[in-house]
Amino acid sequence: AYLRLFLEPKQELAEWDQVLKTRPMVGYSGSDATARAMALPDRFLKFPRYTRTFMLSKNHIWLRSELTGSFSQDRQKILQALYRGSFYFSMDLIGDPNGFAFYANFHKKDYLPGETLPEHDREPIVLIADLGRDIEIPHVITLIRDGVTVATSKGKELKYETRQPGSYRVMVHVTPSLPFPDSRKAFPWIYSNAIRYE
């Protein structure tokens with residue numbers, strides 16, 4: 001039922017890509033919850049429930065080092081990752097995205113989303129998106145540069161070497177089997193923030 005209500009934000013993604021052509025811009029997942037879908041004469045029917053709505057999508061951060069257990073240090077690490085855009089967001093309702101990674105390798109160093117590669121003489125970079133495991137349902141990993149698809153993969157990993165500058169982000173679509181009348185339908189599952197290559 002929740003998947004049937006979901007509409008892919010195509011216009012918003014196109015606008016995000018336009019901004020990414022000119023400057024960094026971090027994308028976040030959020031829920032607009034009201035839990036007041038149906039009004040009855042003397043009360044509201046609470047659907048969808050807040051707890052369920054907030055479980056539909058989540059932001060998943062990447063950290064360069066483990067959390068320490070120190071509140072102040074861990075808080076700073078998490079806030080910096082969110083500020084930079086070193087995270088991805090996913091429709092967790094569809095499935096557990098843990099293990100997903102997206103990064104650029106340049107001069108034997110890895111760069112995360114939200115980071116900009118240093119100045120260079122147009123040496124190639126390698127962009128890698130990895131699901132972290134094999135998944136059984138049909139899926140497509142899509143690499144997007146400035147709003148244009150440049151590579152796709154139907155496996156667990158996508159690798160792409162390039163010298164072209166731009167902002168690179170990844171989307172993963174899955175095609176689960178749904179009950180009648182939907183049958184098979186593609187849904188966006190994972191969205192990454194962008195890696196900039198100037």
Side-chain angles (χ1 to χ4, degrees), residues 1-10 12-13 16-17 20 24-33 48-67 74 77-105 110-115 126-145 147 149-160 167-178 182 184-196:
Y2 282 92
L3 286 176
R4 286 186 177 122
L5 293 171
F6 178 76
L7 295 175
E8 185 172 0
K10 293 182 179 179
E12 290 83 353
L13 292 170
W16 187 24
D17 286 325
L20 286 171
M25 181 181 183
V26 177
Y28 294 85
S29 171
S31 296
D32 181 12
R49 294 193 176 279
Y50 288 125
T51 52
R52 187 62 172 157
T53 300
F54 291 127
M55 291 171 60
L56 298 181
S57 67
K58 294 179 185 170
N59 298 298
H60 301 262
I61 62 172
W62 286 298
L63 298 175
R64 291 199 173 275
S65 60
E66 293 182 3
L67 297 176
D74 291 347
K77 282 184 182 184
I78 291 168
L79 290 176
Q80 286 177 355
L82 291 171
Y83 176 79
R84 279 192 314 269
S86 294
F87 64 94
Y88 64 96
F89 39 103
S90 65
M91 294 295 295
D92 286 16
L93 172 71
I94 294 173
D96 182 358
N98 287 330
F100 173 72
F102 174 51
Y103 57 97
N105 186 271
D110 292 335
Y111 293 85
L112 295 172
E115 297 179 341
V126 178
L127 292 148
I128 300 164
D130 189 342
L131 295 177
R133 65 188 188 280
D134 291 316
I135 60 173
E136 295 179 5
I137 61 174
H139 61 279
V140 177
I141 304 170
T142 304
L143 179 66
I144 299 161
R145 179 181 65 84
T149 296
V150 294
T152 61
S153 170
K154 293 182 179 180
K156 74 176 279 290
E157 185 180 73
L158 179 150
K159 279 189 179 181
Y160 182 74
S167 289
Y168 292 86
R169 65 180 184 86
V170 165
M171 287 184 64
V172 180
H173 283 79
V174 294
T175 309
S177 293
L178 299 176
D182 296 302
R184 285 194 174 272
K185 183 178 176 182
F187 291 95
W189 179 33
I190 295 172
Y191 303 82
S192 80
N193 272 293
I195 297 172
R196 290 180 64 82

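By convention here, the first residue in the shown sequence is residue 1.
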Trainee: Going by side-chain contact (heavy atoms from CB on, under 4.5 Å), Tyr191 matches just one of Val172, Ile144, Leu13. Which one?
Mentor: Leu13
Trainee: Within the structure provided, determine whether Lys156 and Ile135 are in side-chain contact (heavy-atom separation under 4.5 Å).
Mentor: no
Trainee: Using modelled atom types and a 3.5 Å cut-off, is there a donor and acceptor pairing between side-chain atoms of Ser167 and backbone atoms of Leu20?
Mentor: yes
Trainee: Without swapping roles, check the side chain of Lys77 against the backbone of Glu66 for a donor-acceptor pair under 3.5 Å.
Mentor: yes
Trainee: For Glu12, does the CD atom sit with more than 12 other heavy atoms under 6.0 Å from it, leaving out its own atoms?
Mentor: yes
Trainee: Would you check, one step at a time, whether the test side-chain contact (heavy atoms from CB on, under 4.5 Å) holds for Arg169 with Asp17?
Mentor: CA-CA 9 Å; Arg169 65 180 184 86; Asp17 286 325; 2.8 Å; yes
Trainee: If you look at every heavy atom in Leu127 and Ala104, which pair is closest and at what distance?
Mentor: CD2-CB, 3.7 Å
Trainee: If every non-hydrogen atom of Asn193 is compared with every non-hydrogen atom of Gly27, which pair is closest and at what distance?
Mentor: OD1-N, 2.7 Å
Trainee: I want to check something: taking the side chain as every heavy atom from C-beta on, are Asp96 and Arg133 in contact at a cut-off of under 4.5 Å?
Mentor: yes
Trainee: Side-chain contact, heavy-atom cut-off 4.5 Å: Val174 with Met91?
Mentor: no
Trainee: Ser86: what forms a side chain to side chain contact (heavy atoms under 4.5 Å, CB included) with it, not counting sequence neighbours?
Mentor: Ala81, Arg84, Leu112
Trainee: Considering all heavy atoms of both residues, which atom of Ala129 and which atom of Ile141 are nearest to each other, and what is their separation?
Mentor: CB-CG2, 3.9 Å
Trainee: Looking only at heavy atoms, what is the nearest atom pair of Phe100 and Val170, with distance?
Mentor: CZ-CG1, 4.0 Å
Trainee: What's the separation between atom CG in Leu158 and atom CG in Leu131, rounded to the nearest 0.5 Å?
Mentor: 9.5 Å
Trainee: Give, for atom CZ of Arg64 and atom CG of Asp110, the distance between the pair rounded to the nearest 0.5 Å.
Mentor: 7.0 Å
Trainee: Name all residues meeting the side chain to side chain contact (heavy atoms under 4.5 Å, CB included) criterion together with Asn59; count only those two or more places apart in sequence or in a different chain, and write none if there are none.
Mentor: Tyr28, Ser29, Phe87, Phe89
Trainee: Starting at NZ of Lys159, measure out to CG of Asn105 and round the result to the nearest 0.5 Å.
Mentor: 9.0 Å
Trainee: Short question: side chain of His139, backbone of Thr175 - any donor-acceptor pair under 3.5 Å?
Mentor: no
Trainee: Can you find a pair of side-chain heavy atoms, one from Ile78 and one from Leu67, that are under 4.5 Å apart?
Mentor: yes
Trainee: Nearest heavy-atom pair of Ile190 and Ser90: which atoms, and what distance?
Mentor: CG1-CB, 4.0 Å
Trainee: For Trp62, which of Tyr88, Tyr111, Tyr103, Phe102 qualifies under ring-ring contact (aromatic ring centres under 6.0 Å, His included)?
Mentor: Tyr88
